[in-house]
Amino acid sequence: MKPIEVLYAVYLAFFFSIFFRSNESATSEYVSTLFGLMCIFLLIMQKGVKALQAEWQYRLFIFFSVIFCIFFLMQVYGNNSYTVALYLKVMLFIWFFSTFEVERQDFILFINRTYLLYLVAATLLWSGLVPNTLYEYVDAEEFRVNFGFLQYGILYGLEGSPATIDSYSSLVLLINLFMYRGSNRKFYLAASLFGVLASFRLTPLVAVFAVFSLYPLYKSRRYLSSLILVSISLLFVAILVAVEVSGSMSMFGGDIDLRMLAYSLTHARSMIWEQQLEHVMQNFTWIDYIFGHFSVAEFSVPTLQLDGTDAGGFESNPHNNYLLLFYRSPLLFILFYFIFIICQHRNFSKENFSILFFIFLAGFMNSSLISLGNPIFLMVITYILVGRNSPNKISTEYVVEADVK
């Protein structure tokens, strides 16, 4: 088994788990994550632990020891199995890409081929050529586009939500624009562009526009790229503060209501954030700020309008990856945020940053990117941040030679 084959196995585990998933349970996602762990473990056994450098034997031991301790503590404290599995997945990819060498061309082809598999399956369900037995709600009005002369149902992906396939397609589009120069580049560009347009969502388009519009600023400036990420993070924190503040701010010769501004900038998501953050501040203990305490029931809040009227529904999803990660474990989220910023700064290149910048922006309006679901986003992040400039990577050739000796 080669390292690139492990990535295919991990992705296929996710792909087939979709057809067995339940809206009430993340069991299939746990199983696919466990399968990925087993694949990497089998790779180690096949190549031989003795073939690995002593330094990596030590890191491997520390890796599993830390995971075991975190898992034990979080399970003793409460039911945080999703958080444990998620950060296990993150650390698994970090260790994998910093240990085994995967050629960039092979990695991009892996992304393109698996995306094509996903897109074909999603299109077959969307078109009705394959009966849709997974999601009945996709026939609702909110999943339809009406231009008068043109009416069609939006491409909702295999997970039953366009919020996943739109960002997935945009990611593949940017990877082929900035990183891939193969003979089939135009084909993959066309396929991913189709996915972006058919899903008909504004969020990824805004993120892609930001990537291109700010490209002249960051294309050769390491420090400015990090400053952009930190500045956007601070802007988001300012929006969260505005959500909790009742008042106005003088701007452009007039007074602007801060809650109204936050409501407009977040497309009404601020009303969800306001209620969920109040729950955190009122109910989280100091232990919760370390281990987290997220549950769908506790974070399910009414979908209120700005004037306080109830829209008639409940929502536990903040539609923001960073808030959801914060709810699950504030300490781990803050820790990995700073690791992300530092590694991005150290391994900066204009091609890599364009991809990371898109994922970073899309995460503000999408909570499914860093999750137990589609592993591509985590794979891309860890491959770029960890695998590109790691001086101690162990190539397949090195391990084979060590086995022969």
Side-chain angles (χ1 to χ4, degrees), residues 26 29-30 33 62-63 65-94 229-246 258-259 262 266 269-302 314-344 359-360 363-373 377-378 381-382:
E29 296 176 334
Y30 292 143
T33 300
I62 295 297
F63 170 76
S65 298
V66 170
I67 286 298
F68 176 80
C69 291
I70 293 177
F71 179 82
F72 179 78
L73 288 172
M74 296 183 76
Q75 288 303 311
V76 167
Y77 173 67
N79 183 20
N80 295 298
S81 55
Y82 189 97
T83 304
V84 174
L86 174 61
Y87 283 99
L88 170 62
K89 189 175 183 178
V90 173
M91 295 179 67
L92 188 67
F93 288 146
I94 290 175
L229 297 182
V230 173
S231 299
I232 294 175
S233 301
L234 293 176
L235 176 61
F236 175 63
V237 173
I239 291 175
L240 295 180
V241 172
V243 164
E244 297 294 331
V245 174
S246 297
L258 293 178
R259 292 182 74 243
T266 63
R269 289 176 172 88
S270 63
M271 300 305 296
I272 299 174
W273 300 348
E274 179 180 357
Q275 297 174 82
Q276 291 180 338
L277 288 172
E278 286 180 1
H279 171 77
V280 170
M281 291 185 290
Q282 294 175 5
N283 298 286
F284 265 36
T285 65
W286 68 269
I287 297 179
D288 292 325
Y289 282 101
I290 297 175
F291 295 115
H293 193 78
F294 177 85
S295 69
V296 172
E298 292 183 12
F299 278 81
S300 183
V301 297
F314 284 84
E315 185 66 76
S316 61
N317 181 3
H319 299 282
N320 183 293
N321 220 151
Y322 309 115
L323 280 178
L324 189 57
L325 291 174
F326 180 82
Y327 298 155
R328 294 193 182 280
S329 175
L331 177 65
L332 289 177
F333 166 70
I334 293 172
L335 174 64
F336 277 90
Y337 170 81
F338 282 107
I339 291 175
F340 171 82
I341 296 296
I342 293 171
C343 290
Q344 184 283 135
I359 299 176
F360 180 78
F364 284 103
M365 291 294 174
N366 192 328
S367 60
S368 62
L369 303 188
I370 302 176
S371 66
L372 290 183
F377 296 96
L378 270 177
I381 292 172
T382 50

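Annotation: side chain of Thr382 is not in contact with side chain of Leu92 (no heavy-atom distance under 4.5 Å). Looking only at side-chain heavy atoms (C-beta outward), Met365 and His319 stay at 4.5 Å or farther from each other. Side chains of Leu86 and Leu325 form a contact here, defined as non-hydrogen atoms less than 4.5 Å apart. Taking 4.5 Å as the limit, some side-chain heavy atom of Ser233 sits within range of a side-chain heavy atom of Tyr337. Side-chain contact between Pro318 and Phe299 is absent, with no heavy-atom pair separated by less than 4.5 Å. No side-chain heavy atom of Leu331 sits less than 4.5 Å from a side-chain heavy atom of Tyr289.
Here OG of Ser270 is found 11.5 Å from CG of Asn320. Values are rounded to the nearest 0.5 Å. If you take CD1 on Ile290 and CG on Leu332, they are separated by 10.0 Å, rounding to the nearest 0.5 Å. Taken from CD in Glu298 to OH in Tyr327, the straight-line distance is 13.0 Å, to the nearest 0.5 Å. Interatomic distance, CH2 of Trp273 versus CG of Leu323, reported as 6.0 Å (0.5 Å rounding).
In this structure, Asp288 and Asn283 approach most closely via the heavy-atom pair OD2-O, 3.7 Å. Residues Val90 and Phe336 approach most closely at CG1-CE2, 3.6 Å, considering heavy atoms. For the pair Asn321 and Leu369, the tightest heavy-atom approach, listed with the atom from each and the gap, is OD1-N, 3.1 Å. When all heavy atoms are compared, the tightest approach of Pro330 to Phe284 is CG-CE2, 4.4 Å. Taking all atoms of both residues into account, the shortest heavy-atom contact from Tyr87 to Ser329 is OH-O, 4.5 Å.
Shown here are the ring pair (Phe, Tyr, Trp, His ring centres under 6.0 Å) partners of Phe364, two or more places apart in sequence or in another chain: Phe236, Tyr322, Phe360. With sequence neighbours excluded, the residues forming a side-chain hydrogen bond (donor to acceptor under 3.5 Å, both in side chains) with Glu274 are Arg259, listed by chain and number. Contacts of Phe333 classified as ring pair (Phe, Tyr, Trp, His ring centres under 6.0 Å), with partners at least two apart in sequence or in another chain: none.
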**Request:** Assess whether side chain to side chain contact (heavy atoms under 4.5 Å, CB included) is satisfied between Leu372 and Lys89, documenting all intermediate values.
**Result:** CA-CA 8 Å; Leu372 290 183; Lys89 189 175 183 178; 4.1 Å; yes

**Ile339/Ile94 under side chain to side chain contact (heavy atoms under 4.5 Å, CB included): CA gap, chis, key distance, verdict** = CA-CA 11 Å; Ile339 291 175; Ile94 290 175; 5.6 Å; no

**Request:** Decide yes or no on side chain to side chain contact (heavy atoms under 4.5 Å, CB included) for Ile381 and Phe340, but give the supporting numbers first.
**Result:** CA-CA 9 Å; Ile381 292 172; Phe340 171 82; 4.3 Å; yes

**Asked** What's the verdict on side chain to side chain donor-acceptor pair (under 3.5 Å) for Ser367 and Asn317, showing C-alpha distance, side-chain angles and the deciding distance?
**Response** CA-CA 7 Å; Ser367 60; Asn317 181 3; 2.7 Å; yes

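Remark: the backbone N or O of Val301 is not paired with any side-chain donor or acceptor of Gln276 at under 3.5 angstrom. A donor-acceptor pair under 3.5 Å links the side-chain atoms of Gln275 to the main chain of Pro302, judged by distance alone.
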